[in-house]
Amino acid sequence: MASPTLTTGTPGARKGGARRVRRQLPTSPWLFAAPGLLITGAFILYPFVSTLVNSFTDRRTLVAGEFVGLANFRELLHDDMFWIGLRNSTLYVLGVVPALVLLPLLLALLVQKNIPGITFFRSAFYTPVVASIVVVGLIWVWLLDERGLVNSLLTTLGASPVGFLSDQWLILLSAMGVTVWKGLGYYMIIYLAALANVPRELHEAAAVDGAGAVRRFLTVTVPAVRSTMVLVAALSSVAAFKVFSEVYLMAGPSGGPAGEDTTLVMLVQRTGTGLTGRVGYASAISVVVFVVTVVLMLLVLRADRKEES
């Protein structure tokens with residue numbers, strides 16, 4: 001009986017198959033990247049381009065609108081609510097970013113130690129991060145309401161109730177407190193990852209030289225995690241300038257007394273929604289928000305490079 005033989009094909013056929021494989025390989029990466037590119041284009045690139053185009057039109061919710069050039073941006077210069085929103089968003093950055101750069105670092109130093117029960121505290125500090133901002137906001141509204149828990153305790157102690165949710169500046173400060181409280185755990189995790197890469201020998205050498213805890217923090221810990229602090233500053237500044245949920249829940253849809261607590265993103269939502277929403281004007285405000293956030297990130301990065309040089 002004849003033994004079976006394997007047919008390998010002629011050299012010409014093998015070369016032709018190799019050429020076909022080589023011709024098909026360059027397209028393979030694009031096939032793998034296609035789903036991500038489609039999602040990015042549909043939900044990020046297209047809305048961005050659409051907003052940019054609408055900012056130069058007088059489009060409304062049910063009206064296509066016409067090209068009006070820079071009319072929307074000129075109107076912004078004379079809109080009092082725009083300047084109020086810009087003021088509040090800027091104050092939010094100035095109030096929130098320093099706290100979110102320093103406090104999570106101190107918290108990370110505390111929970112970094114391997115002591116009994118520290119895992120529970122790490123989980124407890126991180127819990128607000130995974131909680132819904134709406135749930136968190138409603139809890140704090142209940143706590144700070146005129147008849148809430150905080151004012152009830154103050155009344156019991158003989159003090160007068162504090163208008164956390166009725167005073168213009170207290171509303172803004174209360175919203176800042178909620179933002180800081182919710183973001184502590186998130187940035188704490190980032191700092192924990194950075195602190196894990198700091199050599200222990202540096203702290204030991206500084207301790208041998210007689211440096212105390214504060215001096216070791218300033219001369220060893222801060223320089224070692226400076227790049228992480230820059231990252232936290234950039235992320236928190238962009239998030240703070242685009243704040244919406246905290247102030248919306250604390251101040252209400254009207255933006256507090258006479259709308260004095262309105263932020264830019266709240267103004268976008270208020271102006272561009274509804275059956276008579278001015279989509280073109282709201283898009284112009286959105287473009288301003290985008291430009292300012294890019295400028296904030298560039299300023300943070302430039303300050304970091306200047307300090308390095």
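Worth saying up front: this structure is predicted, and the values here are computed from it rather than measured.
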Next on the checklist: Quick test of your reading: applying salt bridge (charged side-chain N to carboxylate O under 4.0 Å, His left out), list the pairs with at least one residue in residues 95-117, sequence neighbours left out, ordered by first then second residue.
Outcome noted: none
Item to check | Nonpolar side-chain network containing Val63, other nodes, edges under 4.5 Å | outcome: none
Item to check | Value rounded to 0.5 Å, distance of CZ in Arg147 from CG in Asp145 | outcome: 8.5 Å
Checklist entry - Taking atom CE of Met81 as the centre, does the number of heavy atoms from other residues, nucleotides or ligands within less than 6.0 Å exceed 12? => result yes
Checklist entry - Considering only heavy atoms from C-beta outward, does the side chain of Ser89 approach that of Val93 to under 4.5 Å? => result no
Item to check | Residue pair Leu165 / Val141: nearest heavy atoms and the distance that separates them | outcome: CD1-O, 3.7 Å
Checklist entry - Within the distance-only criterion (no hydrogens, no angle test), does the side chain of Asn54 pair as donor or acceptor with the backbone N or O of Ser283 below 3.5 angstrom? => result no
Checklist entry - Leu94 and Ile84: same hydrophobic cluster, using ILVMFWY side-chain contacts below 4.5 Å? => result no
Checklist entry - Going through the checks in order, is the side chain to side chain contact (heavy atoms under 4.5 Å, CB included) test met by Asn151 and Phe164? => result CA-CA 9 Å; Asn151 278 321; Phe164 294 105; 4.0 Å; yes
Item to check | Closest contact, heavy atoms only, Ala108 versus Leu195 | outcome: CB-CD1, 3.8 Å
Listed pairs under 3.5 Å, donor-acceptor, residues 243-254 side chains, sequence neighbours left out:
| unit_1 | atom_1 | unit_2 | atom_2 | d |
| --- | --- | --- | --- | --- |
| Glu246 | OE2 | Thr179 | OG1 | 3.0 |

Item to check | Side-chain heavy-atom pair Leu172, Met176 within 4.5 angstrom cut-off | outcome: yes
Next on the checklist: Determine whether Leu45 and Val49 satisfy the following criterion, side chain to side chain contact (heavy atoms under 4.5 Å, CB included), listing intermediate values before the conclusion.
Outcome noted: CA-CA 6 Å; Leu45 185 59; Val49 175; 4.2 Å; yes
Next on the checklist: Minimum heavy-atom separation for Pro128 and Val136, please, with both atom names.
Outcome noted: O-CG2, 4.5 Å
Checklist entry - Residues two or more places apart in sequence or in another chain: which of them pass salt bridge (Lys or Arg N to Asp or Glu O under 4.0 Å) with Arg87? => result Glu260
Next on the checklist: Other members of the hydrophobic cluster containing Ile39, with the 4.5 Å side-chain heavy-atom rule, please.
Outcome noted: Phe43
Next on the checklist: Quick check for you: to the nearest 0.5 Å, what is the distance between Trp83 atom CH2 and Thr262 atom OG1?
Outcome noted: 16.0 Å
Checklist entry - Do Leu86 and Phe241 have side chains that get closer than 4.5 Å, going by heavy atoms? => result yes
Next on the checklist: Could you report the tightest heavy-atom contact between Leu267 and Thr271, atom names first, then the distance?
Outcome noted: O-OG1, 2.7 Å
Checklist entry - Linking Ile, Leu, Val, Met, Phe, Trp and Tyr through side-chain heavy atoms less than 4.5 Å apart, which residues share a cluster with Ile44? => result none
Checklist entry - What residues, two or more places apart in sequence or in another chain, satisfy ring-ring contact (aromatic ring centres under 6.0 Å, His included) together with Phe290? => result Phe48
Item to check | Distance (rounded to the nearest 0.5 Å) between Gln269 CD and Thr263 OG1 | outcome: 9.5 Å
Checklist entry - Mind checking whether Tyr187 and Leu103 have side chains closer than 4.5 Å, heavy atoms only? => result no
Next on the checklist: Nearest 0.5 Å, please: how far is CH2 in Trp181 from CZ in Phe125?
Outcome noted: 11.5 Å
Item to check | Distance-only donor-acceptor check, side chains Asp79 and Tyr281, under 3.5 Å | outcome: yes
Under 3.5 Å, sequence neighbours excluded: what are the donor-acceptor pairs made by side chains of residues 231-239?
| unit_1 | atom_1 | unit_2 | atom_2 | d |
| --- | --- | --- | --- | --- |
| Ser236 | OG | Val232 | O | 2.7 |
| Ser236 | OG | Ala233 | O | 3.3 |
| Ser237 | OG | Ala233 | O | 2.9 |
| Ser237 | OG | Ala234 | O | 2.9 |

Item to check | Euclidean distance, Leu107 CG relative to Arg122 CZ, rounded to 0.5 Å | outcome: 10.5 Å
Item to check | Phe73: partners by ring-ring contact (aromatic ring centres under 6.0 Å, His included), with sequence neighbours left out | outcome: Phe56
Checklist entry - Step by step, would you call Met188 with Val111 a side chain to side chain contact (heavy atoms under 4.5 Å, CB included)? => result CA-CA 9 Å; Met188 177 194 72; Val111 302; 3.8 Å; yes
Checklist entry - Judged by atom type as modelled, is there a donor-acceptor pair below 3.5 Å linking the side chain of Asn72 to the main-chain atoms of Ala284? => result no
Checklist entry - Can you find a heavy atom in the side chain of Thr61 that is under 4.5 Å from one in the side chain of Thr276? => result no
Item to check | Connected via hydrophobic side-chain network under 4.5 Å: Tyr126 and Ile133 | outcome: no
Checklist entry - Any sub-3.5 Å donor-acceptor pair from Thr40's side-chain atoms to Gly36's backbone N or O? => result yes
Next on the checklist: Would a single hydrophobic cluster contain both Val291 and Leu52, if residues Ile, Leu, Val, Met, Phe, Trp and Tyr are joined by side-chain heavy-atom contacts under 4.5 Å?
Outcome noted: yes
Next on the checklist: Testing the 3.5 Å rule here: is there a donor-acceptor pair between the side chains of Arg216 and Thr221?
Outcome noted: no
Item to check | Side-chain heavy-atom pair Trp140, Ser174 within 4.5 angstrom cut-off | outcome: no
Checklist entry - Counting only heavy atoms not in Tyr186, do more than 12 sit closer than 6.0 Å to its OH atom? => result no
Next on the checklist: For Arg278, give me all partners under salt bridge (Lys or Arg N to Asp or Glu O under 4.0 Å), at least two apart in sequence or on another chain.
Outcome noted: Glu75
Next on the checklist: Do Thr155 and Pro161 make a side-chain contact, defined as non-hydrogen atoms from C-beta onward lying under 4.5 Å apart?
Outcome noted: yes
Checklist entry - Has Leu275 got more than 12 heavy atoms of other residues, nucleotides or ligands less than 6.0 Å from its CG? => result no
Checklist entry - Which pair of heavy atoms, one from Ser166 and one from Pro257, lies closest together, and at what distance? => result O-CG, 3.3 Å
Checklist entry - What residues form a ring-ring contact (aromatic ring centres under 6.0 Å, His included) with Trp142, not counting sequence neighbours? => result none
Item to check | Closest non-hydrogen atom pair, Leu100 against Gly183 | outcome: CD2-C, 4.1 Å
Next on the checklist: Is there a path of hydrophobic side-chain contacts, each under 4.5 Å between heavy atoms, that joins Val279 and Val265?
Outcome noted: no
Checklist entry - Which is it for Leu105 and Phe217 under the side chain to side chain contact (heavy atoms under 4.5 Å, CB included) test, yes or no, and what are the steps along the way? => result CA-CA 10 Å; Leu105 177 57; Phe217 173 76; 3.7 Å; yes
Checklist entry - Same hydrophobic cluster for Leu138 and Leu143, using side-chain heavy-atom links shorter than 4.5 Å among ILVMFWY? => result no
Next on the checklist: Let me confirm one number: the CG-OG1 distance from Asp209 to Thr219, rounded to the nearest 0.5 Å.
Outcome noted: 9.5 Å
Checklist entry - Hey, are the side chains of Phe82 and Val288 touching, using non-hydrogen atoms and a 4.5 Å cut-off? => result yes
Item to check | Under the side-chain hydrogen bond (donor to acceptor under 3.5 Å, both in side chains) test, residues paired with Tyr191 that sit two or more places apart | outcome: none
